[in-house]
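Okay, structure first, notes after.
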Protein chains: 2
Amino acid sequence: MRAFHRSKDPTIDSVAAAAGVSTATVSRFFNEPAMLSADTAARVRKVVDAMAYVPNRLAGALASSRTRVVATVIPTLSNSIFASTVQGLSDSLALHGFGVVLALSGVNDEHFKRQLMSIMGHRPDGIILTGAVPDPAIRARLEVSGIPTIETWDLPADPIDMVVGFSHEAVGRAVGRYVVKTGRRRILIVSAGGPRALARRAGFAKVLRNNGIPLPTVASFPGPTTYGHGRLAVAEHVNATTRPNLVLCSSDWAAHGAMDELRRKRLRIPEDVAVIGFGDLDFAAELDPALTTVKIDGNAIGAHAASLLMKRAQGERVREKIVDVGFELVVRASSPPDLAGTMTARPRGSAKIRGRPIRGPDS
Amino acid sequence: MRAFHRSKDPTIDSVAAAAGVSTATVSRFFNEPAMLSADTAARVRKVVDAMAYVPNRLAGALASSRTRVVATVIPTLSNSIFASTVQGLSDSLALHGFGVVLALSGVNDEHFKRQLMSIMGHRPDGIILTGAVPDPAIRARLEVSGIPTIETWDLPADPIDMVVGFSHEAVGRAVGRYVVKTGRRRILIVSAGGPRALARRAGFAKVLRNNGIPLPTVASFPGPTTYGHGRLAVAEHVNATTRPNLVLCSSDWAAHGAMDELRRKRLRIPEDVAVIGFGDLDFAAELDPALTTVKIDGNAIGAHAASLLMKRAQGERVREKIVDVGFELVVRASSPPDLAGTMTARPRGSAKIRGRPIRGPDS
DNA sequence: CTGAAAGCGCTTACAG
DNA sequence: CTGAAAGCGCTTACAG
């Protein structure tokens with residue numbers, strides 16, 4: 001049944017025959033329309049429409065060795081902070097007729113490798129990764145493949161190829177400096193266990209240390225931190241004997257959970273306990289009190305990655321192989337600048353502290 | 001530079017030459033390993049490993065007219081209730097060596113069509129759609145393509161090919177019957193404007209009507225309803241003159257927002273106002289009070305769709321082309337069965353009302 | 001502006 | 001169990 005249908009798929013040959021032109025002309029109709037005379041183009045168009053012909057991209061890719069496909073590897077789809085990046089990437093690429101294939105790598109390293117091998121079989125014109133790749137064997141494979149590769153959402157010291165991201169360590173330090181200013185010293189950290197959350201924690205801890213602030217309590221969870229993690233951490237670590245006055249979370253979801261649980265404990269936010277998140281997801285500004293968090297422009301990361309890839313695809317040399325998109329500490333009511341808990345007068349009740357890119361082009 | 005690298009990619013010919021076998025043998029090493037003698041297999045394996053050879057799937061697909069790729073079209077990635085479905089699909093397909101390409105259709109109908117055309121160029125072995133396809137032109141294209149197609153998350157009256165979903169109208173009716181039992185009659189609906197949310201509303205309204213309950217107030221929003229929508233709707237529609245005692249939301253996100261805003265207004269949940277969501281997302285059970293909602297097993301939808309596709313790929317005829325996965329009304333503390341607002345004693349404080357599939361196989 | 005023809009890297013009857 | 005060879009549906013110098 002299927003085979004029957006498939007055999008009926010019009011091909012470039014059948015279209016060419018019906019239009020009375022060569023296959024080269026039909027090919028040019030799609031790929032180099034400017035080369036055709038108006039007459040010829042019209043004739044081809046008519047047949048293409050009539051036959052509902054859709055060029056087989058597999059054959060095209062095989063002949064041209066350009067697939068017009070970009071592969072993206074992300075850990076998971078649910079509760080993924082990378083959703084906006086994939087969206088930005090997909091939107092930008094669509095403008096150039098490029099598609100996106102998504103591979104979900106999970107947390108398992110072996111699975112990641114298998115996914116990558118599978119993806120390389122598709123010979124994508126680009127590979128987008130989230131985070132740095134630790135495994136040297138995989139790195140080597142990517143390097144020899146010659147496929148343009150972009151590591152995103154991080155700023156690896158020794159990148160495989162191109163990078164569009166920001167320094168998590170710098171985020172941690174910026175948050176640390178801000179926390180020092182607020183005067184809060186009893187800190188609970190709700191953190192994911194991944195390398196990037198760890199880097200932020202390291203930057204944060206460094207600043208605290210330099211300022212003689214006691215080491216925070218850390219509630220660590222595998223995978224991205226969820227609403228439930230935030231609740232749980234506060235439920236376990238906030239009690240009569242231990243009462244932090246700041247909860248720093250590795251995701252806005254966890255921050256939301258922390259806020260709800262603090263409230264359940266009859267603690268006021270921010271007067272009793274301030275809360276800081278990470279991500280500036282859609283709901284962060286809508287919370288009550290609005291959430292102080294670190295804004296990452298995931299969409300821009302995707303768009304930027306797309307533009308680098310398109311440059312490469314057009315044979316341009318990419319000079320700035322490392323793009324630091326920076327970040328922004330968005331100060332809102334859940335963790336105001338002063339201990340008292342009243343916001344300094346600000347337009348729209350939010351102040352922004354921009355995280356300057358810490359590296360320049362190609363540095 | 002890239003071209004240079006690409007030209008170095010080992011091919012099946014170079015592997016065959018190095019191993020002293022024919023290309024057919026190398027092909028069989030990957031696709032029909034049982035056909036090879038242990039000796040031959042070992043020899044090929046050695047060369048494959050040494051050269052880091054990854055078969056070009058484009059060429060393979062072109063030759064065999066099986067791509068081992070399934071295309072999935074979803075509206076958007078952020079705040080998507082379909083995330084679990086894509087995850088389930090992807091996990092199941094990976095087991096069979098199939099990949100997933102994702103197309104984000106957005107809300108725009110024209111964009112959806114373009115995405116679909118682009119996808120058909122990739123000649124996927126299957127297409128997964130979320131929701132029914134209204135446009136007859138698109139339906140026709142899919143039908144003549146002969147590509148196995150699965151409409152999910154809905155139960156269209158006149159499906160294109162296969163279906164894995166549930167009846168939104170039935171969900172609405174089930175929720176309606178439950179609401180009638182709770183005795184609450186002043187209802188605010190926070191709803192998305194899409195066809196499926198509308199179907200649920202219709203089912204719900206029908207039951208209310210039959211029971212002489214006043215028509216609910218409806219706050220409608222385009223796209224999936226978010227946390228912010230829930231807050232906003234409650235902020236606008238709950239006041240001194242209008243005080244619903246039940247807020248029914250078209251997503252758990254909106255329900256969460258509604259809960260937070262109700263609390264801000266010093267209303268008790270569920271004593272003053274009950275809240276019901278949709279989706280049973282990860283945080284629903286963690287909310288305080290835990291959220292009464294409709295559980296949809298998105299993961300199962302994806303897995304089921306994968307299994308239908310694999311059957312087709314193996315040439316099996318699929319007899320039950322319409323699979324109703326049903327749904328489950330999960331009663332939790334945010335909207336208990338009695339008006340008073342105390343939960344009936346239940347193990348784990350949650351009762352489940354299963355939505356039986358309303359259609360049998362092939363009906 | 002258009003066409004004839006080689007070639008992209010595989011798969012798969014067919015023959016042995 | 002293995003191989004020679006045709007063919008999948010395009011693209012693209014090359015020639016005109």
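No experiment lies behind these values; they were computed from the predicted model shown. Order of the sequence lines fixes the chain letters, A, B, ..., with proteins taken first and strands second; residue numbering starts at 1 for each chain.
- Between D/dG16 and D/dT12, the distance separating the two C1' atoms is 16 Å to the nearest Å.
- Comparing D/dG9, C/dT2, D/dG3 against the side chain of A/L36 picks out C/dT2 as the nearest.
- Backbone-only engagement by B/V21 is indicated by non-hydrogen atom pairs under 4.0 Å involving sugar-phosphate atoms exclusively.
- With B/E151 contributing its side chain and B/P159 its backbone, the two residues share no donor-acceptor pair below 3.5 Å.
- With distances taken from any side-chain atom of B/S64 to the nucleotides D/dT12, C/dT11, D/dG3, the minimum falls on C/dT11.
- The separation between B/R123 atom CZ and D/dC10 atom P is 7 Å, rounded to whole Å.
- Separating the CG atom of A/L58 from the P atom of C/dC10 is a distance of 14 Å, rounded to the nearest angstrom.
- Proximity note for A/R28 (side chain, C-beta onward) versus C/dC10, C/dC1, C/dG3: the nearest is C/dG3.
- For the pair B/T25 and D/dT2, the criterion of a side-chain N or O lying under 4.0 Å from OP1 or OP2 is not met.
- Nearest-nucleotide positions on DNA chain D place B/M35 closer to the 5' end than the other of B/M35 and A/L62.
- As rounded to the nearest Å, D/dA13 and D/dG9 have P atoms that lie 23 Å from one another.
- Here the P atom of nucleotide D/dT2 and the CG atom of B/D39 are 8 Å apart, to the nearest Å.
- Contact between the side-chain N/O atoms of A/Y53 and the OP1/OP2 oxygens of D/dG9 is not found at any separation under 4.0 Å.
- For the OP1/OP2 pair of D/dC8 and a distance below 4.0 Å, the side-chain nitrogens and oxygens of A/N56 include no atom meeting the criterion.
- Using a 4.0 Å cut-off, some side-chain N or O of B/S37 falls inside it from OP1 or OP2 of D/dT2.
- At whole-Å resolution of the value, CG in B/D9 and C1' in C/dG9 are 11 Å apart.
- Contact between the side-chain N/O atoms of B/R57 and the OP1/OP2 oxygens of C/dC8 is not found at any separation under 4.0 Å.
- Between A/Y53 and A/F29, the gap from one ring centroid to the other reaches at least 6.0 Å.
- Each of A/T23 and A/A41 has a nearest nucleotide on DNA chain C; the 5'-most of these lies closest to A/A41.
- Between the CZ atom of A/R57 and the CE atom of B/M120 there is a distance of 13.0 Å, given to the nearest 0.5 Å.
- Proximity of A/T11 to the phosphate of D/dG9: no side-chain N or O atom is located under 4.0 Å from OP1 or OP2.
- In this structure, D/dT2 forms a base pair with C/dA15, meeting either the Watson-Crick or the G-U wobble geometry with both donor-acceptor distances under 3.5 Å.
- For the pair A/R68 and A/D125, the salt-bridge criterion is not met [side-chain N within less than 4.0 Å of a carboxylate O].
- Rounded to a whole Å, the CG atom of B/D13 is 11 Å from the P atom of C/dT11.
- Phosphate proximity of D/dT11 to A/S27: present, with a side-chain N or O under 4.0 Å from OP1 or OP2.
- Minimum interatomic distance between B/H122 and B/T67 (heavy atoms only, all atoms of both residues): O-CG2, 3.6 Å.
- One atom, CE of B/M51, and another, C1' of C/dG9, lie 14 Å apart when rounded to the nearest Å.
- With rounding to whole Å, B/R66 atom CZ is found 16 Å from D/dG7 atom C1'.
- Each of C/dA4, C/dC10, D/dG3 was ranked by its minimum atom distance to the side chain of A/A24; first place goes to C/dA4.
- Summarising the geometry, the separation between CZ on B/F29 and C1' on D/dG3 is reported as 18 Å, rounded to the nearest angstrom.
- Rounding to the nearest 0.5 Å gives a distance of 8.5 Å between CZ of B/F112 and CG of B/D135.
- Closest to the side chain of B/A59, out of D/dG9, C/dC10, D/dG3, is C/dC10.
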